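Heads up, the thing below is written out as structure tokens.
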Number of protein chains: 2
Amino acid sequence: MPNGAQILIDGLVGAGVRACFANPGTSEMHFVAALDDAAGLRPVLCLFEGVATGAADGYGRLAGRPACTLLHLGPGLAGGLANLHNARRAATPLVNVVGDHALRHKRLDAPLESDIEALAGTVSGWTRRTYHAGELAGDVADAVAAATGPPGAIATLVVPADVSWSAADGPPAAVRPARAARRGLVSVDAVTGAAAALRTGGSAAVLLGGEAVRGAGLAAAARIAAATGARLLCETFPARMERGAGRPAVRRLAYPPAGARRQLASVRHLVLAGAAAPVAFFAYPGQDGDLVPEGCEVHALATGAEDVTAALEGLAEVLGPGSAVREEAARPALPTGELTAESAAAVIGALLPEDAVVVDEANTSGLWLPGATAGAPPHDWLTLTGGAMGQGLPLAVGAAVARPDRPVLTLVGDGASMYTVQALWTQAREGLDVTTVVFANRSYAILNLELGAVGAAPARERARRLLDLSAPALDFVALARGMGVPAERAETAEEFAALLKRGLAEPGPFLIDCVVPPLV
Amino acid sequence: MPNGAQILIDGLVGAGVRACFANPGTSEMHFVAALDDAAGLRPVLCLFEGVATGAADGYGRLAGRPACTLLHLGPGLAGGLANLHNARRAATPLVNVVGDHALRHKRLDAPLESDIEALAGTVSGWTRRTYHAGELAGDVADAVAAATGPPGAIATLVVPADVSWSAADGPPAAVRPARAARRGLVSVDAVTGAAAALRTGGSAAVLLGGEAVRGAGLAAAARIAAATGARLLCETFPARMERGAGRPAVRRLAYPPAGARRQLASVRHLVLAGAAAPVAFFAYPGQDGDLVPEGCEVHALATGAEDVTAALEGLAEVLGPGSAVREEAARPALPTGELTAESAAAVIGALLPEDAVVVDEANTSGLWLPGATAGAPPHDWLTLTGGAMGQGLPLAVGAAVARPDRPVLTLVGDGASMYTVQALWTQAREGLDVTTVVFANRSYAILNLELGAVGAAPARERARRLLDLSAPALDFVALARGMGVPAERAETAEEFAALLKRGLAEPGPFLIDCVVPPLV
């Protein structure tokens, strides 16, 4: 008779879950033991919960189906919440398995006791606690179905220790069939409305988000643009965007509201396809957070919860054929001399391999990246969807586990990298083919910009120290090597190019401490 | 006219808050700017929120009054939650300042939007959102009062960006006086009941917790033991325990339930002073989590929320004088040869300086520490109160900021250290006099024990990999140096003794990678 942990793992594997990013504790020991007999589920140890959840996010974005995490009670879930916030914003399919005290232990208020459901509710589309091993088969099936969607969501299953160690007495509860994914449902009104708007000849744009920046949805968007002359824009922080030479030309909305306003200024009809109406990332004194320009009509073709791809395909069908604008193959020349965020971007544009997965948490140092890589061979671009720092290194772990056949390139600011730097150890442990570039500008440079943008007084000594990472300087070569990842430092454009070539050519992880001046 | 951020900082300083452990973002920029004119509040930058909250916990445990954190919206608070869980269990006075979007930005559901209050509620005794700059002076006074207690608690104040950047139009709201600390209230029935129980001559013990293991409470407990022969026990994980040569002999309850049961087996009367009735940390199949032996009567003298010190003093008064059992000054000899958790403990016992603050997250490698240090010169011992790993390194940051006059010694397992390893950078940045010993047994050794204790199948290859930290081995010397902390490796008892002497003698931080075999 299998115990609960075995039923749980069988259910996960049976529902197609293939990877478990784990930071377990005592209440998860039966789950850990049961992994020995579960060849279908790859356990990946993470040294901090935020690495586990970020990795599961990266896996889900690439695989299109959920990985699971394994977390230790409320505090373990808490450690993973920031990257779960990002995963929620990315609509990533993801299943959290959170162990808890045995049910009869709950009332004792032992030290690790806390309100798991309250924490889970802030990021999860679905949360349930299993009270009996006999219910686990059904609960895990529901969890995977809820996570898979579409749209993808976070499903959190709380599994008390005694549910894990008990046998199901009696036959398992009938497993409810996974919720049928309701694909193909499209609002005809929305399609005809969008078509009419795009045909007005006024300046029109389609704002793409979610799955609309990938595959068939993106292809349909390109046909729509070709038929009508509408511009293709994309939400500022897409979960995974397919781009590069030969792919439709799509521009991301700028992060600074002034830049986004410029991009949208002439738009009179804005069709939303998987994206919400554009808003500023932050509020600024005296500015409206709503970025839709006055006089612009907004047309909701399909939300991220609907079948955006089918809606775009229907709209393209209605609008008829045209010749899509595609990115031309074009790479920057390899620069020489000073290493800056700009010259580093040129190096990356010059060397980015075909089919690369780019994980972008470069923040201010990433300003030149979109331009420098637009014409590089086709690749995927993953961004910081929820604004919670520390996503990049873990996301790369999951992306590399999901797609061992593709090179993963992580571009991350030094400040951002330190939130979840432990991810490098997992990259070494698992031999993941990830090349990491840390842009070491030795500053929370984005906050130096924001300090002015919000109208705060210019920082003097005490305030400046809260934005400064230069004293002491972080030595990312030492940090990476300390976790088993080979690493070198680049201080000129030539050195960076040589190291990037090496990192991309060699299997396994490699890190480049890319020393650049801050933007401001 | 001051803006909200200035009012907030003035209120914190006015209420006695002297340190701010910060990981700020855009919505906190006015707070950051206002620090330039707030000489009374020391800003300490932390590279991850869990470092900030753990440091504030350490500060509060040593100073007995709150430090504040500065955190960035829901995701920033989320990153700090695990160590806030520990702080809640320690009853540490602590104020969280959590920035949020401007109020008119809330409805836009911008990427960082999340349910801050739901997160805060899981760890806070007091949570409030300020809606107007004019309310801030009153709100911050309430927050500090709620945090200060007694008992100490976590108070979380959510400050929208526009509240920070706005001026208070009109005079500030009348500041409500801080809640009077209701010290000195003691239940006479509880005192006489405990006295009667302790006089029965049956085997009696006093279980101390919270403030009862410090200062006047501890001294009174010693007199009670002297007058009655009762044993003095202490909760397994005290927030801060005063111990060492000349101090009352108090034994902590063992972490493994079997050990705690042995300690309690002969107890017929158990008097609770600031501690809850003892329960097992985790549940185990077939075992009761309640550790009070059958036939033992429990007498609640005072809970942690009451004036435990006054209650113990009253009880001591009732019971009359006696000769207290105090720890004799005794240090182990400096061992030679193999470096193990046991010989390392002897080194620490031999060298621990007077008035040291010991931060203990050594887990299995700490087994011999209490015995080896009981007779060392008087010192404070801080433990992992809530079971959320990653407390040690940050706690030391806060302890050293609170008490720059005392040497801080952090004893931490390699697994535990990696959750919040970024704390080392703050130790270097601030030049804190912290000596860190990482017990590198290259294993989640405690989970190897727990795997057997919960009756799970012995781990084979796949399961074992989730508990193993040996491949690749973490190089803590490289990690520490990469963050600016001098570090060396010890592989023999002599090397460890030499390095510990050096670390304790030199000002500023120092780390020892102390390579020991795992306990099992």
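Values below: all heavy atoms of this structure, side chains included; hydrogens, waters and symmetry mates excluded. Naming convention: chains lettered A, B, ... in sequence-line order (proteins, then strands); numbering from 1 in each chain. Bear in mind that the values here come from a model prediction, so they are computed numbers and not experimental data.
For Arg89(A), the part lying under 4.5 angstrom from a heavy atom of chain B is the side chain only. Proximity to chain B (any heavy atom under 4.5 Å) is restricted, for Thr420(A), to the backbone atoms N, CA, C and O. Using a 4.5 Å cut-off between heavy atoms, Thr122(B) touches chain A through its side chain atoms alone. In this structure, no portion of Asp162(B) lies under 4.5 Å from any heavy atom of chain A. Neither the backbone nor the side chain of Pro160(A) comes within contact range of chain B, judged by heavy atoms closer than 4.5 Å. Using a 4.5 Å cut-off between heavy atoms, Asn83(B) does not touch chain A at all. Looking at Thr385(B), only its backbone comes within 4.5 Å of chain A, counting heavy atoms on both sides. Contact of His30(A) with chain B is made through backbone and side chain together, with heavy-atom distances under 4.5 Å. For chain B, the nearby parts of Ala280(A) are the backbone and the side chain; heavy atoms of each come within less than 4.5 Å. There is no contact between Ala161(A) and chain B, counting heavy-atom distances below 4.5 Å. Proximity to chain B (any heavy atom under 4.5 Å) is restricted, for Val44(A), to the backbone atoms N, CA, C and O. Both the backbone and the side chain of Val32(A) come within less than 4.5 Å of a heavy atom in chain B. Contacts between Glu113(B) and chain A at a heavy-atom distance below 4.5 Å involve backbone atoms as well as side-chain atoms. With a 4.5 angstrom heavy-atom cutoff, Asp36(A) touches chain B via backbone and side-chain atoms both. Within the 4.5 angstrom heavy-atom criterion, only backbone atoms of Gln287(A) (N, CA, C, O) approach chain B. Looking at His101(B), only its side chain comes within 4.5 Å of chain A, counting heavy atoms on both sides. Interface residue Leu469(A): backbone and side-chain heavy atoms are both found under 4.5 Å from chain B. Within the 4.5 angstrom heavy-atom criterion, only side-chain atoms of Tyr444(A), from C-beta onward, approach chain B. Looking at Thr236(A), neither its backbone nor its side chain comes within 4.5 Å of chain B, counting heavy atoms on both sides.
Comparing Asp109(B), Leu73(B), Ile446(B) by how many heavy-atom pairs each has under 4.5 Å with chain A, the most go to Asp109(B). Comparing Val51(A), Leu479(A), Leu35(A), Val123(A) by heavy-atom pairs within less than 4.5 Å of chain B, the highest count is held by Leu479(A). The candidate from Leu466(B), Asp475(B), Leu467(B) with the greatest count of non-hydrogen atom pairs under 4.5 Å with chain A is Leu466(B). Ranked by non-hydrogen atom pairs under 4.5 Å with chain B, the options Ser114(A), Ala478(A), Ala283(A) are led by Ala283(A). Ranked by non-hydrogen atom pairs under 4.5 Å with chain A, the options Arg481(B), Arg42(B), Glu49(B), Arg464(B) are led by Glu49(B). Considering only heavy-atom pairs separated by less than 4.5 Å from chain A, the leading option among Ala38(B), Gly415(B), Ser27(B) is Ala38(B). Each of Ala480(B), Gly289(B), Gly386(B) has some count of heavy-atom pairs under 4.5 Å with chain A, and the biggest count is that of Gly386(B). Ranked by heavy-atom pairs under 4.5 Å with chain B, the list Leu108(A), Leu449(A), Asp115(A) is led by Leu108(A). For the set Ala39(A), Cys46(A), Gly80(A), the entry with the most heavy-atom pairs within less than 4.5 Å of chain B is Ala39(A). The choice from Gly387(A), Pro285(A), Ala118(A) that makes the most heavy-atom pairs within less than 4.5 Å of chain B is Pro285(A). Ranking Ala277(B), Gly76(B), Pro75(B) against chain A, the residue ahead of the rest is Pro75(B), based on heavy-atom pairs under 4.5 Å.
Counting heavy atoms from C-beta on, the side chains of Tyr419(A) and Asn23(B) come closer than 4.5 Å. Taking the side chain as every heavy atom from C-beta outward, Leu45(A) and Arg465(B) never approach each other to under 4.5 Å. By the 4.5 Å heavy-atom criterion applied to side chains, Leu474(B) and Gln422(A) are not counted as neighbours.
Without hydrogens or angle criteria, Arg462(A) side chain to Pro43(B) main chain gives no donor-acceptor distance under 3.5 Å. With hydrogens and angles ignored, the 3.5 Å screen pairs no side-chain donor or acceptor of His105(A) with any backbone N or O of Tyr284(B).
We find the CG-CG distance between Leu81(B) and Leu77(A) to be 9.5 Å, quoted to the nearest 0.5 Å.
The two residues Leu112(B) and Ala388(A) have their closest heavy-atom pair at CD2-N, 4.0 Å. The heavy-atom pair separating Trp425(A) from Ala471(B) by the smallest distance is CZ2-O, 3.9 Å. Shortest non-hydrogen contact noted between Val454(A) and Met29(B) is CG2-CB, 3.7 Å. What you find for Ala82(A) and Ala78(B) is that their closest heavy atoms are N-CB, 4.2 Å.
By the 4.0 Å N-to-carboxylate-O rule, Asp290(A) lies too far from Arg107(B) to be salt-bridged with it. Between Arg460(B) and Asp37(A) there is a salt bridge, since a side-chain N of the basic residue sits under 4.0 Å from a carboxylate O of the acidic one.
The aromatic rings of His72(A) and Phe282(B) lie tilted to each other, with the angle between the two planes from 30° to 60°.
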Worksheet item: How far apart are the C-alpha atoms of Val421(A) and Leu47(B), what are their side-chain angles, what is the distance that settles it, and do they pass the side-chain contact (heavy atoms from CB on, under 4.5 Å) test?
Response: CA-CA 11 Å; Val421(A) 71; Leu47(B) 301 186; over 6 Å; no

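Residue-environment remark: CZ (Arg104(B)) exceeds the threshold of 12 foreign heavy atoms within 6.0 Å.
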